[in-house]
Enquirer: 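First, the structure itself, so that you have it in front of you.
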There are 2 protein chains.
Amino acid sequence: MSKQAEFAVILKMNPMFADLGADELQRLSNLCHTQHLGSGELLFQKGDPGDALFGVRRGQVRIETGASDGSRLTLNFMGPGDLFGEVAVLDGQNRTADATAGEASELFVLRRDDFLGFLEREPKVAIKIIALLCQRIRWQSERMEESMLQPLPVRLARRLCALAADFGSEVHISQEQLGVFVGAARESVNRQLQAWRKEAILDLQRGRILLRNMTKLTAIARNE
Amino acid sequence: MSKQAEFAVILKMNPMFADLGADELQRLSNLCHTQHLGSGELLFQKGDPGDALFGVRRGQVRIETGASDGSRLTLNFMGPGDLFGEVAVLDGQNRTADATAGEASELFVLRRDDFLGFLEREPKVAIKIIALLCQRIRWQSERMEESMLQPLPVRLARRLCALAADFGSEVHISQEQLGVFVGAARESVNRQLQAWRKEAILDLQRGRILLRNMTKLTAIARNE
DNA sequence: GGAGAAGTGTGTCATAAGTCACATAACTTT
DNA sequence: AAAGTTATGTGACTTATGACACACTTCTCC
């Protein structure tokens, strides 16, 4: 499979591009480049102009932010097939976090200029993108309002389910970071996790959470 | 001033269209129609296709939602110069609330089909709209996360400031509705308002709040 | 003008979750 | 292996806010 075809598949997996026709997708993929990163190498940092969209071909990229005390908090891991920077490439705003390679990686790169040129030549695609952004706005405003009003156990269960979808039943994250994710104090996170451990829903290790009973966890996430 | 020129001014006032050039704006305004509504007349209801964007030329339109118990909650008032349905016109999704005329009104109407045709002819405008939608997404995710984590007094002060910007120092809203707005219980809203009344920040009347000291209120909203 | 509805003011209580404080456990570095 | 650092576990306390209950006031409509 050609590089371009591989990129097209990644794009197609992303909701933002899922609606595009095969021909449109192919013309778009033709604009991509690739870039190699050594382990630990910086891809971009907070404040850089958002001049490209990236897809991970192999390796791993960590999206992290430097906390005020100098420590770093990981916001997300991007593995093969993941796409990031979709919004930046559309509006060109500065990056709001840093991205570094967790291991030697190869990325697909779609430059903003190329993408905008494409949209100008294909206004029908631009309109599809507009519709998708609108959906995202609606979805966001529904979810955010709802989600932040949910009690902590629900928010926590949802986050764990989301992480499980990406990493399987062994989630590698500290309770501190989990707290940042769900907007709660570390201690509260710990107490809830302990309660679930006693119910055999999960097991805890230093820096790791082992999900034992996803059925119960998703039930809690649904807040029934 | 022609009808179209009047509509162009309204569009220009909205962040979504503020970046458009005068020529683009003029071509867009030429697509508008007008529509008259009698007092109490229904403009659209929840579930209707979002097939147009509206601007209020004169009168008042209430955006409201039917609660499950049959009572109605007003989500917003749109007065002369206000624009609503911008998102619906872009993505065509169904309306999520009802709109009825609070008094005899005249509206500018920009139909979705006309607007999409315009975007197809002017891809540069489509790209500007995309950038604006992206901004809105970023803004939303920043604000929502931050906003819901703020204590009640801050959320309340922010909402009052926003209402003051639209209606001046005499805000006509029930404490119940205010509670819905900020996601809090009516009683909690009342207690906070009482505290502010004692500090001479505002005065309370049935269905009305009179803002006396915007300086203090905005200070609270900034959460300093 | 009387009845009922809608809006407001307040007391009491329960509870979720934050904060602080400290103990313990697990990794790292030298 | 000792020392230091980071992560986790837990108790005690505080606080904001929701829930319920009820009195009181102001509107609306026959």
Side-chain angles (χ1 to χ4, degrees), chain A residues 64 66-67 69-74 145-160 163 170-199 201-211 220 223, chain B residues 40 62 64 66-67 69-74 145-160 163 170-199 201-211 220 223:
Chain A
E64 39 186 28
D69 62 348
S71 72
R72 309 190 62 69
L73 282 179
T74 302
E145 274 167 33
E146 166 205 316
S147 181
M148 301 303 287
L149 294 173
Q150 295 298 325
L152 178 91
V154 176
R155 274 149 46 206
L156 200 52
R158 284 184 186 170
R159 178 61 65 167
L160 286 174
L163 288 167
E170 184 171 326
V171 178
H172 181 267
I173 189 173
S174 81
Q175 297 178 9
E176 176 81 48
Q177 288 183 23
L178 203 47
V180 173
F181 271 140
V182 301
R186 194 215 94 222
E187 295 93 324
S188 303
V189 169
N190 180 264
R191 276 185 258 264
Q192 185 56 55
L193 292 176
Q194 292 297 331
W196 284 338
R197 189 173 56 73
K198 277 161 198 148
E199 293 181 61
I201 292 175
L202 44 74
D203 265 326
L204 297 173
Q205 290 175 11
R206 185 190 170 88
R208 235 190 302 266
I209 298 171
L210 310 164
L211 305 175
I220 295 165
N223 194 19
Chain B
R62 280 201 305 268
E64 39 186 29
D69 62 348
S71 71
R72 310 189 60 71
L73 282 179
T74 302
E145 275 168 30
E146 167 205 315
S147 181
M148 301 304 285
L149 296 173
Q150 296 297 327
L152 173 74
V154 176
R155 275 149 46 207
L156 199 51
R158 285 186 185 167
R159 178 61 63 168
L160 285 175
L163 288 167
E170 184 171 327
V171 178
H172 182 268
I173 188 174
S174 81
Q175 298 179 9
E176 175 82 46
Q177 288 182 24
L178 202 48
V180 173
F181 271 141
V182 301
R186 192 214 95 223
E187 294 93 324
S188 303
V189 169
N190 179 263
R191 275 185 258 263
Q192 185 56 57
L193 292 177
Q194 291 298 329
W196 284 338
R197 189 173 55 75
K198 276 161 198 149
E199 293 180 60
I201 292 175
L202 44 75
D203 265 326
L204 298 172
Q205 289 175 12
R206 183 192 171 87
R208 237 188 305 265
I209 298 172
L210 309 164
L211 305 175
I220 295 165
N223 194 18

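In what follows, every chain begins at residue 1, and chains take the letters A, B, ... in the order their sequences are listed.
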Enquirer: Which is more 5' along DNA chain C, the nucleotide nearest A:Q192 or the one nearest A:R208? Just name the residue.
Expert: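 The answer here is A:Q192.
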Enquirer: For a quick test of reading the model, state the closest non-hydrogen atom pair linking A:V189 to A:A184 and the distance between them.
Expert: CG2-CB, 4.4 Å
Enquirer: Do the side chains of A:L178 and A:V171 get nearer than 4.5 Å, heavy atoms only?
Expert: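 The answer is no, as the side chains (C-beta and beyond) never meet within the 4.5 Å cut-off.
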Enquirer: Looking at every strand, decide which applies to B:G179 at a 4.0 Å heavy-atom threshold: base, sugar-phosphate, or nothing.
Expert: nothing
Enquirer: In whole Å, what is the span from the CD atom of A:Q194 to the C1' atom of C:dA25?
Expert: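 Distance, rounded to whole Å: 13 Å.
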Enquirer: Could you tell me how far apart B:L178 (CG) and C:dG9 (P) are, to the nearest whole angstrom?
Expert: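 Distance, rounded to whole Å: 12 Å.
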Enquirer: Do the side chain of B:R191 and the base of C:dT10 come within less than 3.5 angstrom through a donor-acceptor pair of N or O atoms?
Expert: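 When only heavy-atom distances are counted, B:R191 does not reach the base of C:dT10 through any donor-acceptor pair under 3.5 Å.
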Enquirer: Please report, rounded to the nearest Å, how far the C1' atom of C:dA16 is from the CD atom of A:Q150.
Expert: 14 Å
Enquirer: Record whether the side chain of A:R197 comes under 3.5 Å of the base of D:dG9 through a donor-acceptor pair of N or O atoms.
Expert: no
Enquirer: Verify the contact: side-chain N or O of A:Q205 to OP1 or OP2 of D:dT8, cut-off strictly under 4.0 Å; return yes or no.
Expert: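 A:Q205 to D:dT8 OP1/OP2: no side-chain N or O under 4.0 Å.
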Enquirer: Does B:D203 reach the side chain of B:R208, with side-chain heavy atoms less than 4.5 Å apart?
Expert: no
Enquirer: Could you state the CD1-C1' distance from A:I209 to D:dG9, rounded to the nearest angstrom?
Expert: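 Value for this atom pair: 14 Å.
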Enquirer: What is the distance from CD of A:E187 to C1' of D:dC13, rounded to the nearest Å?
Expert: 13 Å
Enquirer: Can you tell me the distance, in whole Å, between the CZ atom of B:R155 and the C1' atom of D:dG18?
Expert: 12 Å
Enquirer: Under 4.5 Å between any side-chain heavy atoms of A:R197 and A:L202, yes or no?
Expert: yes
Enquirer: Counting side-chain heavy atoms from C-beta on, which of D:dC27, C:dG9, D:dA12 comes nearest to B:N190?
Expert: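 Side chain of B:N190 sits closest to C:dG9.
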Enquirer: Can you find a donor-acceptor pair, distance only, under 3.5 Å between A:R186 side chain and C:dG18 base?
Expert: no
Enquirer: Can you tell me if the side-chain N/O atoms of B:Q177 get under 4.0 Å from OP1 or OP2 in C:dG7?
Expert: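 Looking at the OP1 and OP2 atoms of C:dG7, neither is under 4.0 Å from any side-chain N or O of B:Q177.
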Enquirer: Does any non-hydrogen side-chain atom of B:L160 lie less than 4.5 Å from one of B:W196?
Expert: yes
Enquirer: Using whole Å, report how far CD of B:E176 lies from P of D:dT26.
Expert: 19 Å
Enquirer: As a test of reading the structure: which of D:dG18, D:dT8, C:dG18 is closest to the side chain of A:S188, going by heavy atoms?
Expert: C:dG18
Enquirer: For the pair made of CZ in B:R206 and P in D:dC27, what is the distance, rounded to whole Å?
Expert: 6 Å
